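Quick notes on the structure that follows.
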Amino acid sequence: VQLQASGGGLVQAGGSLRLSCAAPGRTFNGYAVGWFRQAPGKEREFVAGIRRNSSPDYADSVKGRFTISRDDAKNTVYLQMNSLKPEDTADYYCAADRYGRHNYGPAMDYWGKGTLVTVSS
């Protein structure tokens with residue numbers, strides 16, 4: 001299953017973007033979904049995740065600025081990013097665990113290609 005991440009772009013510091021993660025032809029019901037990012041020259045890191053019961057998890061670096069949500073009717077998970085900083089610049093990826101396990105990391109079952117977020121100072 002190939003997930004589709006979209007919504008990236010160029011934004012000034014302090015601005016906002018909303019990323020979307022979709023699974024065409026499949027449902028996210030019962031899945032845990034996570035967002036990750038990878039900046040040039042750095043390792044991929046966890047950003048935010050949402051459990052099957054819609055409880056969110058956040059990296060400390062984005063708490064209070066980013067909000068993850070899900071719309072199972074649309075088979076889509078969103079990442080609302082506010083108060084963006086230049087250090088948020090990265091490729092953003094979404095991943096899903098079909099059993100709803102929220103051990104966000106490389107072992108998640110499905111991954112999508114990244115969507116680039118660039119925050120200018």
Side-chain angles (χ1 to χ4, degrees):
V1 175
Q2 182 73 46
L3 305 183
Q4 292 183 352
S6 61
L10 174 63
V11 64
Q12 288 188 332
S16 298
L17 284 173
R18 188 178 78 159
L19 306 183
S20 299
C21 175
R26 294 190 68 92
T27 178
F28 272 146
N29 280 341
Y31 287 26
V33 179
W35 282 98
F36 301 80
R37 67 187 180 187
Q38 186 167 18
K42 295 187 177 181
E43 294 187 353
R44 188 174 298 184
E45 63 176 359
F46 169 74
V47 175
I50 190 162
R51 307 184 186 194
R52 57 191 304 171
N53 65 358
S54 296
S55 294
D57 298 286
Y58 297 102
D60 288 343
S61 58
V62 306
K63 280 181 181 177
R65 300 189 298 123
F66 291 10
T67 302
I68 190 169
S69 61
R70 64 192 302 157
D71 185 338
D72 286 340
K74 295 183 178 180
N75 296 327
T76 303
V77 170
Y78 303 99
L79 184 68
Q80 178 67 43
M81 305 186 297
N82 299 328
S83 302
L84 282 162
K85 304 175 181 180
E87 51 264 43
D88 294 318
T89 295
D91 275 313
Y92 283 71
Y93 301 82
C94 61
D97 185 296
R98 59 185 169 174
Y99 298 113
R101 296 167 298 195
H102 52 272
N103 295 324
Y104 307 109
M108 297 187 80
D109 297 303
Y110 309 121
W111 288 82
K113 295 182 179 179
T115 184
L116 179 62
V117 172
T118 303
V119 184
S120 63
S121 57

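Given the structure is predicted, the values throughout are model-derived calculations rather than measurements. In this chain, residues are counted from 1 in sequence order.
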Could you go step by step and tell me if Y31 and R26 meet the side chain to side chain donor-acceptor pair (under 3.5 Å) rule? CA-CA 11 Å; Y31 287 26; R26 294 190 68 92; 3.1 Å; yes
Is there a side-chain contact between Q2 and W111, using heavy atoms and a 4.5 Å cut-off? no
Can a side-chain donor-acceptor contact be found between T76 and D71 if the only test is distance below 3.5 angstrom? no
Looking at every heavy atom in both L10 and S120, which two are closest together, and how far apart are they? CD1-CB, 4.4 Å
Apply the test side-chain contact (heavy atoms from CB on, under 4.5 Å) to residues Y92 and M81: give CA-CA distance (whole Å), side-chain angles for both, the deciding distance (0.1 Å), then the verdict. CA-CA 12 Å; Y92 283 71; M81 305 186 297; 3.9 Å; yes
Test item: T89 and V117 side chains (from C-beta on) under 4.5 Å apart, heavy atoms: no
Side-chain donor/acceptor of R65 to backbone N/O of S83, under 3.5 Å: yes
Just by modelled atom types, is the A32 backbone N or O under 3.5 Å from a matching donor or acceptor in the D97 side chain? no
Is there side-chain contact between Y110 and C94, with at least one heavy-atom pair below 4.5 Å? no
So CE of M108 and CZ of F46: to nearest 0.5 Å the spacing works out to 8.5 Å
Do other residues, nucleotides or ligands put more than 12 heavy atoms under 6.0 Å from Q12 CD? no
I need the minimum non-hydrogen distance between V33 and I68, along with the two atoms involved. O-CD1, 4.0 Å
Closest non-hydrogen atoms of S54 and R70, given as atom of the first, atom of the second and distance, are OG-CD, 3.3 Å
For F28 and C21: C-alpha separation, side-chain torsions, deciding distance, then whether side-chain contact (heavy atoms from CB on, under 4.5 Å) applies. CA-CA 10 Å; F28 272 146; C21 175; 4.0 Å; yes
Heavy-atom pair of closest approach, residues S121 and A13: CA-CB, 4.4 Å
What pair of heavy atoms forms the shortest contact from Y93 to G112, and how long is it? CD2-O, 3.4 Å
Is any side-chain N of the basic residue among R37 and D91 closer than 4.0 Å to the acidic one's carboxylate O? no
If hydrophobic clusters are built by linking Ile, Leu, Val, Met, Phe, Trp and Tyr wherever their side-chain heavy atoms come under 4.5 Å apart, do Y78 and Y58 end up in the same one? no
Does the side chain of S16 come within less than 4.5 Å of Q80's, by heavy atoms? yes
Counting C-beta onward and ignoring hydrogens, is there a side-chain heavy-atom pair between T115 and L19 closer than 4.5 Å? yes
Among the clusters formed by ILVMFWY side chains lying less than 4.5 Å apart, do L3 and F36 turn up in the same one? no
Go through I50 and V77 one step at a time and tell me if the side-chain contact (heavy atoms from CB on, under 4.5 Å) criterion holds. CA-CA 8 Å; I50 190 162; V77 170; 4.1 Å; yes
Is the shortest distance from a Lys or Arg side-chain nitrogen in D88 or K85 to a carboxylate oxygen in the other one below 4.0 Å? no
Verify side-chain contact (heavy atoms from CB on, under 4.5 Å) between N82 and F66, making sure each step is shown before the conclusion. CA-CA 6 Å; N82 299 328; F66 291 10; over 6 Å; no
Any idea which heavy atoms bring L84 and L17 closest together, and the distance? CD1-N, 3.9 Å
Check whether the ring centres of Y104 and W35 lie less than 6.0 Å apart, and answer yes or no. no
